[in-house]
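These notes are about the structure you will find just below.
Any value given below was found using the heavy atoms of this structure, including those in side chains, with hydrogens, waters and symmetry copies removed. Nothing here was measured: the structure is a model prediction, and the numbers come from that model. Position 1 is the first residue of the sequence, and the numbers go up from there.
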Amino acid sequence: MINFSNFYSNIAQNRLSHWLRVLPTQLHAWENKHVHGKLASWIRVLNKFPDIQTNNIELKERVEIGKADELSLGESKKLENLLQKFHPWRKGPFHIHGVHIDTEWRSDWKWDRVLPHISPLKYRYVLDVGCGSGYHMWRMRGEGAEFVVGIDPSDLFLCQFEAVRHFANKDQNVNLLPLGIQELPKLEAFDTVFSMGVLYHRKSPMDHITQLQDQLVEGGELVLETLVIEGGKNDVLVPDDRYAKMRNIWFLPSAEALKLWVTKCGFEDVRIADINDTLTGEQRSTAWMTNESLEDYLDPNDPTKTVEGHPAPKRALLIAKKSTKTLS
């Protein structure tokens, strides 16, 4: 199984020490549920990776770990075959010892949109909610974040993250835990909390915003990115069935409605920093994600609509500050 003992040791010495009251019990319960199945086979793949120390780690401009010439041609091919065992790779891209993991999403494009609008991450404790395979966590580390924690309940994403971290000299200041936001206690310990591509999957968006707030220190920054529609502050789309072939989509607010929700939850300095249409160049099928992707989710005769007739994906980036005042 995945060994979380180093994480426990680390947080015992930092501002997250109070998390230890519940976290070991939660992760022990998770382990007991995953004795068999795909996780066990993925862990066997992780155990086959060679131990390679490298001084070539680039996280600021991209996620590139190691160089191609640090492996023989045979070792490089073996590495690529092992990494392919974790198909589908959705968030990235990653470059590992010359192997280019061309993921479904160009997550670097999103990061380039987000980075100019957020407070500097240097020395910060950062939480990434719904972090996927952890691509953005590495970029956060590249910006100087002191301690980065990602949470995502997907076993596959956990193994993809551990694969990357294995080659990143097992950096213990970047960690992914297989938990959902609803499983976190009120930690109030992170300087910045990211929730990108999560809100529309939550049955209660206001509860999600409050859960994010509970993880921030006073004055901490929320970075919230989600699907939105055109409209005013009271406009919200509630799909009656699927949205872009996805079943688990609950609420798509307008950007102004999203701003109102976050303000109503008690955040200050709430602003919409960016609104962007998702294009097929940013989300597409590749050799590392051969399933359907955005092109298949759009109306072939009208790409401004999904196959169900809803507005095509548009995403808003919202930045807000946790109030230093106590709400009555």
Side-chain angles (χ1 to χ4, degrees), residues 2 37-50 52 57-59 61-66 68 71 75-112 114 128-142 148 150-168 170-171 174-178 194 196-198 201 225 244-246 248 278-297 313 315:
I2 304 294
K38 287 187 175 181
L39 179 60
S41 66
W42 289 329
I43 289 176
R44 286 195 292 272
V45 175
L46 288 174
N47 291 334
K48 293 179 180 179
F49 286 133
I52 306 169
I57 297 179
E58 168 59 52
L59 301 177
E61 299 298 328
R62 56 195 174 276
V63 180
E64 182 174 347
I65 299 167
L71 298 179
E75 289 172 330
S76 179
K77 189 61 180 176
K78 180 181 178 181
L79 173 59
E80 182 173 355
N81 290 337
L82 289 172
L83 290 168
Q84 275 280 8
K85 300 291 186 184
F86 298 123
H87 179 278
W89 286 82
R90 296 196 178 274
K91 303 295 176 68
F94 300 98
H95 301 265
I96 301 178
H97 290 287
V99 177
H100 175 206
I101 303 177
D102 187 16
T103 50
E104 175 188 15
W105 281 91
R106 288 296 306 265
S107 303
D108 50 336
W109 293 12
K110 179 183 291 189
W111 187 248
D112 289 343
V114 169
D128 188 2
V129 176
C131 62
S133 59
Y135 174 82
H136 289 121
M137 295 163 60
W138 295 111
R139 299 300 299 270
M140 295 165 195
R141 183 71 166 145
V148 184
I151 58 170
D152 199 298
S154 166
D155 298 339
L156 177 59
F157 291 157
L158 173 62
C159 291
Q160 290 173 342
F161 168 79
E162 290 292 341
V164 175
R165 182 162 72 159
H166 174 89
F167 293 99
K170 301 179 175 64
D171 189 338
V174 185
N175 296 269
L176 193 159
L177 304 178
F194 290 82
M196 299 192 290
V198 178
H201 291 311
E225 189 259 10
K245 296 191 178 182
M246 294 181 286
N248 59 339
T278 304
L279 304 177
T280 52
E282 185 172 358
Q283 183 190 12
R284 71 276 191 264
S285 300
T286 73
W288 292 83
M289 203 302 294
T290 58
N291 305 332
E292 287 187 332
S293 193
L294 180 59
E295 184 179 18
D296 305 290
Y297 307 153
R315 291 175 176 268

Exercise. Is the closest side-chain heavy-atom distance between Y135 and D128 below 4.5 Å?
Worked result: no
Exercise. Do side-chain atoms of E58 reach the backbone of G142 as a donor and acceptor pair under 3.5 angstrom?
Worked result: no
Exercise. How would you list, by chain and number, every residue that makes a side chain to side chain donor-acceptor pair (under 3.5 Å) with T290, sequence neighbours excluded?
Worked result: H87
Exercise. Does the side chain of L176 reach to within under 4.5 Å of the side chain of C131, using non-hydrogen atoms?
Worked result: yes
Problem set entry | Least distance between heavy atoms, V198 atom then G130 atom | CG2-CA, 3.9 Å
For this session: Sequence neighbours left out, what passes side chain to side chain contact (heavy atoms under 4.5 Å, CB included) with S154? Give chain and number order.
Result: D152, L156, F157
Exercise. Is W89 close to D102 at the side-chain level, that is, under 4.5 Å between some pair of heavy atoms?
Worked result: no
Exercise. Hey, does D171 have a side-chain heavy atom less than 4.5 Å from the side chain of R141?
Worked result: yes
Exercise. Minimum heavy-atom separation for D108 to P93, with atom names?
Worked result: OD1-CD, 3.5 Å
Problem set entry | Set of ring pair (Phe, Tyr, Trp, His ring centres under 6.0 Å) partners for F167, sequence neighbours left out | F49, H97
Problem set entry | Any R165 side-chain heavy atom under 4.5 Å of N175 side chain | yes
Exercise. F86 versus S133: any side-chain heavy-atom pair under 4.5 Å?
Worked result: no
Exercise. Is the closest basic N to carboxylate O distance between D296 and K245 below 4.0 Å?
Worked result: no
What pairs of donor and acceptor atoms, side-chain ones from residues 39-48 against any protein atom, are under 3.5 angstrom apart with sequence neighbours left out?
from, atom 1, to, atom 2, distance (Å)
S41, OG, K38, O, 2.7
N47, ND2, I43, O, 3.3

For this session: Show your reasoning for whether side chain to side chain contact (heavy atoms under 4.5 Å, CB included) applies to E162 and I2.
Result: CA-CA 9 Å; E162 290 292 341; I2 304 294; 3.9 Å; yes
For this session: With rounding to the nearest 0.5 Å, note down the distance linking CE in M246 to OH in Y297.
Result: 7.5 Å
Seminar exercise, completed: So the salt bridge (charged side-chain N to carboxylate O under 4.0 Å, His left out) pairs with at least one residue in residues 81-91 (sequence neighbours excluded) are R90-E104
Exercise. Once you round to the nearest 0.5 Å, how far does CG of L71 lie from CD of E80?
Worked result: 11.5 Å
Exercise. Residues in ring pair (Phe, Tyr, Trp, His ring centres under 6.0 Å) with F161, at least two apart?
Worked result: W138
Exercise. Does the side chain to side chain contact (heavy atoms under 4.5 Å, CB included) test come out yes or no for W111 and H136, once each step is laid out?
Worked result: CA-CA 7 Å; W111 187 248; H136 289 121; 3.7 Å; yes
Problem set entry | Atom pair CG/CD of D155 and Q160 - distance to nearest 0.5 Å | 11.0 Å
For this session: Would you indicate whether the side-chain heavy atoms of L294 and R284 approach each other to under 4.5 Å?
Result: no
For this session: With sequence neighbours left out, write down each residue that passes side chain to side chain donor-acceptor pair (under 3.5 Å) with D112, or none if nothing qualifies.
Result: none
Problem set entry | side chain to side chain contact (heavy atoms under 4.5 Å, CB included) partners for R315, two or more places apart | W105, K110, Y200, E225, L227, T278
Problem set entry | Sidechain N-carboxylate O distance under 4.0 Å for K78, E75 | no
Exercise. Which distance, rounded to the nearest 0.5 Å, do you find between the NE2 of H166 and the SG of C159?
Worked result: 13.5 Å
Problem set entry | Taking every non-hydrogen atom, the tightest pair across M137 and G150 | CE-N, 3.5 Å
For this session: List for me each residue that meets ring pair (Phe, Tyr, Trp, His ring centres under 6.0 Å) alongside H201, sequence neighbours excluded, and say none if there are none.
Result: none
Problem set entry | Validation row: L83, V99 side chains within 4.5 angstrom (heavy atoms) | yes
For this session: Please list, chain by chain and in numerical order, all residues satisfying side chain to side chain donor-acceptor pair (under 3.5 Å) with H100, sequence neighbours excluded.
Result: none
For this session: Quick one: list whatever passes salt bridge (Lys or Arg N to Asp or Glu O under 4.0 Å) with R139, sequence neighbours left out.
Result: none
Problem set entry | Test side chain to side chain contact (heavy atoms under 4.5 Å, CB included) applied to N81 - qualifying residues, sequence neighbours left out | K77
